[in-house]
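Following: one structure in structure tokens, then a few remarks.
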Amino acid sequence: MAGHVSSDVVSAAERVGLTAVTGTADAVGMVGLTLGGGHGPLIGQFGLAADNLLGAEVVLADGSRVNTDAEHHPDFFWALRGGGNFGVVTSARIRLHPVPTVVSGTILYPIAQSASILADLGGVHQDSPDELTVDVGFLPGPDGKPTVYVAPTWSGDLEVGNAENGPVRALARLGTPVLAEVGPVARSAALAATDAMFSPGRMGAIRTRCVQSVSGSVATVLDRAAQEFTSPQVANSYGPNTQRLLAVKSAVDPDSLFAATSLPIGTADAGSTPV
């Protein structure tokens with residue numbers, strides 16, 4: 001497994017009706033993800049990726065090689081799972097699960113509905129079965145405007161997860177969505193869909209924080225940040241050319257059909273006309 005990304009492991013496991021616990025993207029190194037913890041869409045039922053590490057071969061700083069698991073060097077095995085860097089992992093064994101297909105997808109709500117959506121999601125997180133994991137965030141919608149992003153993953157019985165009155169599709173009835181695409185999908189396809197949001201050359205950084213809920217004051221902070229989506233760095237990078245670029249964009253692509261390259265949010269000055 002060492003040297004392979006998540007998609008390699010998931011695709012191989014799918015061929016025999018199994019899957020691995022991974023993060024949300026397929027291009028992440030499997031061993032590095034596992035040693036770092038590995039929060040992902042199967043966490044509710046199967047825990048972190050680190051919880052599914054069964055054993056590893058590690059080369060230490062002095063060049064010695066250690067094979068560790070729950071019975072051999074147990075303290076080292078405990079520390080290895082998210083506790084830091086202790087050597088070079090040359091091989092690893094992980095637990096696989098019989099869930100090659102999940103019910104997953106994307107639901108987007110207008111930013112104006114964020115307060116009620118986040119409040120309702122707080123209840124969903126508390127009451128939902130372990131088979132349902134829900135990622136929530138804010139993303140630009142099809143029109144470029146901020147939306148509440150809800151990404152469910154159901155790792156239980158497919159008929160239950162895909163039922164119209166089931167726990168997954170209920171997430172599309174928290175408000176009036178601008179997009180709701182949910183259904184059975186191979187785990188490899190679900191991972192690839194996340195990676196498609198971050199195409200090569202499109203830089204981004206994600207940091208995590210632990211909170212007790214996403215309602216109340218936390219929801220207010222998230223909503224305010226989402227309203228100011230465009231990074232100041234985007235506007236600063238274009239400097240005095242910003243208004244001219246926006247004028248051209250407004251003239252040739254008013255609906256922002258093409259959005260791979262970020263532009264500042266705003267409108268062109270009345271006096272700005274495309275050349």
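Values in this document were obtained by computation on a predicted structure and should not be read as measured data.
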Assess the residue pair Glu14 and Ser188 against the criterion (side chain to side chain donor-acceptor pair (under 3.5 Å)); give the C-alpha distance rounded to whole Å, side-chain angles, the decisive distance to 0.1 Å, and a yes or no. CA-CA 8 Å; Glu14 275 181 359; Ser188 57; 2.9 Å; yes
Show your reasoning for whether side chain to side chain donor-acceptor pair (under 3.5 Å) applies to Ser114 and Asp223. CA-CA 7 Å; Ser114 66; Asp223 180 83; 2.4 Å; yes
Could you go through the side chain to side chain donor-acceptor pair (under 3.5 Å) check for Thr90 and Glu57 one step at a time? CA-CA 6 Å; Thr90 54; Glu57 179 186 80; 2.4 Å; yes
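No single ILVMFWY cluster, assembled from side-chain heavy atoms under 4.5 Å apart, contains both Leu132 and Leu191. One hydrophobic cluster, built from ILVMFWY side chains closer than 4.5 Å, cannot hold both Val134 and Val185; they sit in different ones. The cluster map of Ile, Leu, Val, Met, Phe, Trp and Tyr, joined by side-chain heavy atoms under 4.5 Å apart, puts Ile107 and Val148 in the same cluster. Note on Val9 and Val21: separate hydrophobic clusters, where clusters join Ile, Leu, Val, Met, Phe, Trp and Tyr whose side-chain heavy atoms are under 4.5 Å apart, directly or indirectly.
In this structure, CG in Leu108 is found 4.5 Å from CG in Leu179, a value given to the nearest 0.5 Å. Atoms CG and CZ, on Asp120 and Arg173 in that order, are 12.5 Å from each other to the nearest 0.5 Å. For the atom pair CG of Leu121 and CG of Asp135, the computed distance is 11.0 Å after rounding to the nearest 0.5 Å.
A donor and an acceptor atom, one from each side chain of Thr22 and Arg187, are located under 3.5 Å apart. At a cut-off of 3.5 Å, with distance as the only test, no side-chain donor of Asn67 or His73 sits close to an acceptor on the other residue.
Contact of the Tyr109 side chain with the Pro177 side chain is registered, since non-hydrogen atoms from C-beta on lie closer than 4.5 Å. Taking 4.5 Å as the limit, every side-chain heavy atom of Val124 sits out of range of all side-chain heavy atoms of Asp127. Side-chain contact check for Tyr149 versus Thr106: some heavy-atom pair is nearer than 4.5 Å. Leu118 is listed as a side-chain neighbour of Val136, based on a closest heavy-atom distance under 4.5 Å. Within the 4.5 Å cutoff, the side chain of Gln113 has no heavy atoms near those of the Leu174 side chain. A heavy-atom distance below 4.5 Å is not found between the side chains of Val5 and Val28. Under the 4.5 Å side-chain criterion, counting only non-hydrogen atoms from C-beta, Trp154 is not in contact with Val102. The side-chain heavy atoms of Leu80 and Thr68, taken from C-beta on, include a pair separated by under 4.5 Å.
Between Phe86 and Phe76, the ring planes lie perpendicular to each other; the angle is over 60°, past the 30° to 60° tilted range.
In this structure a side-chain-to-backbone donor-acceptor pair under 3.5 Å is present from Asp51 to Leu48. Ser64 places no side-chain N or O within 3.5 Å of a backbone atom of Leu60 that could act as its donor or acceptor partner. In terms of modelled atom types and a separation under 3.5 Å, the side chain of Gln45 and the main chain of Ser155 share a donor-acceptor contact.
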